[in-house]
2 protein chains.
Amino acid sequence: MSDAGLKGKSMKKVTINSVAEYAGVSKKTVSRVLNNEPNVSPATREKVLKVFEELNYKPNPIARGLAQNRSFIIGCLYDNPSKSYITRVQSGALEACQKHSYNLLIHPCELRGQDLIDNVDQLLTTSRLDGIVLTPPFSDSNELIAFLKQRNIPYARVASAIEGDDSISIRSNDEQGAFELTEHLINLGHTEIAFIKGHPDHSATENRFSGYQKALTKHGIEYRERLVAEGNFSYHSGADSAKAILDLEPRPTAVFASNDYMAAAVLKLATQREIKVPEQLSIAGFDNAPIARHIWPGLTTIAQPVEEMTRIAVEELIKHISQPQEAPFQQVLEAKLITRESTKARSNS
Amino acid sequence: MSDAGLKGKSMKKVTINSVAEYAGVSKKTVSRVLNNEPNVSPATREKVLKVFEELNYKPNPIARGLAQNRSFIIGCLYDNPSKSYITRVQSGALEACQKHSYNLLIHPCELRGQDLIDNVDQLLTTSRLDGIVLTPPFSDSNELIAFLKQRNIPYARVASAIEGDDSISIRSNDEQGAFELTEHLINLGHTEIAFIKGHPDHSATENRFSGYQKALTKHGIEYRERLVAEGNFSYHSGADSAKAILDLEPRPTAVFASNDYMAAAVLKLATQREIKVPEQLSIAGFDNAPIARHIWPGLTTIAQPVEEMTRIAVEELIKHISQPQEAPFQQVLEAKLITRESTKARSNS
DNA sequence: CGACATTATGACACCGGTGTCAGACTGTAT
DNA sequence: ATACAGTCTGACACCGGTGTCATAATGTCG
């Protein structure tokens, strides 16, 4: 009655040696079966596999790592004020890692830290990573990328703007998304559309801004610099920008912030000042962060497939590690407009 | 001019053998110095340390792991709808890990998943974790804890209610926090205070509820079950509870939600129904999540030191791993009331 | 049937550290 | 000088796998 439910077996350690002995073959043959190597007779392979089952054998990843000089660990670098973005990145990366029996090591650090390269160098020598996923803003750091190349560490870039280079890169179409969102506002009758930029180190910042401008141009609306505020993706920067924008005379009828946190800051200030959203002011964000639907009115925004981008990036990275290919893998995913209550046709008051 | 800025040295691999040879001692002596073992003459120690510097030697954690049957990896289990809670947990855990040259492996999984034990078993055999940090709701899962004990895996519990057992456990005083917050509302003149419970699997749920009840009792306010709604910490559940509460006749003048996400849901619905917060309705949450200050009005809430709890838990865990002690480490940290705009004296209308 | 290519297998060194143990070298008490 | 405890050091096996290479077994072809 004791040990109930806990699959017993003998709790003795099962190593490659015990499997070999039990199956009556050499360690090396067991190793071959383990790694799906050729040149093992079907009969032998069968026999060994059966012993795996019977003894519930799991190879020791540490020993494998030592022999092959690998760690089976992928590192994930990030420096991002948005917690939700980080968790989405992690969740995509984890999915890919688990699928291929890798572990994920998360490493927050600062792009503008006193010495990023030293920091990463340290990370690499102490943790022996097999590869690194770069999330924004690291995906566009030429300095870091040059370092990784020189050290010959495989890497994949998520949501990067650098095109046509020879590395793995997955991104979504930010410019297109920003274009559609701006057009959505224009179609609602808005012409005075303020814009809050993101952090200058992120390539998304330039892309989203460019989408905004192109939509204006297409619809023959003059671009006015006074309607543009500099943010950095943080809620705080959004609050500062909101102040500048809502103080404008005449006040814009719509605000497009480069992410949802900054948009939420605009909404907060507008509400404090008793400016009615969306009746007197339309507000839109970008990312479809949780906060976009946790506030009232819900934010119109652009959803990007962050998990999927990261998952694909890590999968390709792992593929590349075990079998370096020539052709760099690059892919662009679609961003999608989500309309909620925060945007509305311009009133004729 | 080439290689500028990249500290060169010869890029050859530096192993314990090269260090030993260069210093003119045996591998074993180098190993002794590395591990700060006794019985090394000061002169020798000095000499070896100098060679470490000179060759920039970093021991290979994988080889060490194999020899000592350790992985230098701590696992972090979580199953929590709050992203901000998760990132705070991670950040505390990371800090402790980095300090002691451990890695952190994050592992989201479901408490009520089809087979939690199998899942964790799998994790343990494939990743060879040295220890596990249990965050809510796992910190209170007797089944899981029994399993870890039987497998002899060191663990630490964060924010758990189980007291007086023999394991490492760090928590904050949730009951006291809830008590203070409720008292704050009572002092503002509220007597009809609705309460939204958290997820029944989390011990915090019971503690916070109990703090609420005790404050009512202390101030001679009758406890009424109709004012209590069942939530589960998710925004969605908060929205459902909000509906039930705001439909009550007469409507309560204050709502205390067991976390900030649910409080935000109450605020959203109240705003939609044009109930003025805080003039007509005071709202309070718990956790001091980012959203509490990202919305208007900002939420009165209780701040708990999540990072610090986790950091301490992991530090104690690592201490325990390298040197098992008898005395279990247990500690209770303070939770702190933060007042913002969402609570106000009851109006006499 | 011999010459040779191909497949299947195992012996053994090796990855880069640590544990065990024996031996050399002190210092101190007899 | 002898005995003995304590300090310092290195040889060697070992952790649990993989890489290299030799060799045995089998298949193919002229």
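Bear in mind the structure is a predicted one, so any value in this text is a computation, not a measurement.
Annotation for B/F52: atom CZ counts as buried by contact number, over 12 foreign heavy atoms lying within 6.0 Å.
In this model, no donor atom of one side chain and acceptor atom of the other lie less than 3.5 Å apart for B/Q331 and B/E316.
In terms of phosphate contacts, B/T29 brings a side-chain nitrogen or oxygen within less than 4.0 Å of OP1 or OP2 of D/dG10. Between B/K13 and the phosphate of C/dC15, there is no side-chain N or O to OP1/OP2 separation shorter than 4.0 Å. Using a 4.0 Å cut-off, some side-chain N or O of B/T44 falls inside it from OP1 or OP2 of D/dT9. Here B/S26 does not reach the OP1 or OP2 of D/dT9: none of its side-chain N or O atoms lies under 4.0 Å away. For A/N39 and C/dT6, the shortest distance from a side-chain N or O to OP1 or OP2 is not below 4.0 Å. Side-chain N/O atoms of B/R32 include none lying less than 4.0 angstrom from OP1 or OP2 on D/dT9. Put simply, A/Y57 has no side-chain N or O that comes within less than 4.0 Å of OP1 or OP2 on D/dG16. Within the structure, every side-chain polar atom (N or O) of B/S31 is placed at least 4.0 Å from both OP1 and OP2 of C/dG19.
Nearest-nucleotide mapping onto DNA chain C: of B/I62 and B/E37, the residue sitting toward the 5' end is B/I62. Of the two residues near DNA chain C, A/N69 and B/K28, the one whose nearest nucleotide lies more 5' is A/N69.
Judged by distance alone with a 3.5 Å cut-off, no donor-acceptor contact links the side chain of B/K27 to the base of C/dG16.
For A/R128 and C/dG17, the CZ to C1' distance is 11 Å, given to the nearest whole Å. Taking atom CG on A/N17 and atom C1' on D/dA13, their separation rounds to 14 Å, with Å as the unit.
Across D/dG17, C/dT9, C/dG17, the shortest atom-to-atom separation from the side chain of A/I16 is found for D/dG17.
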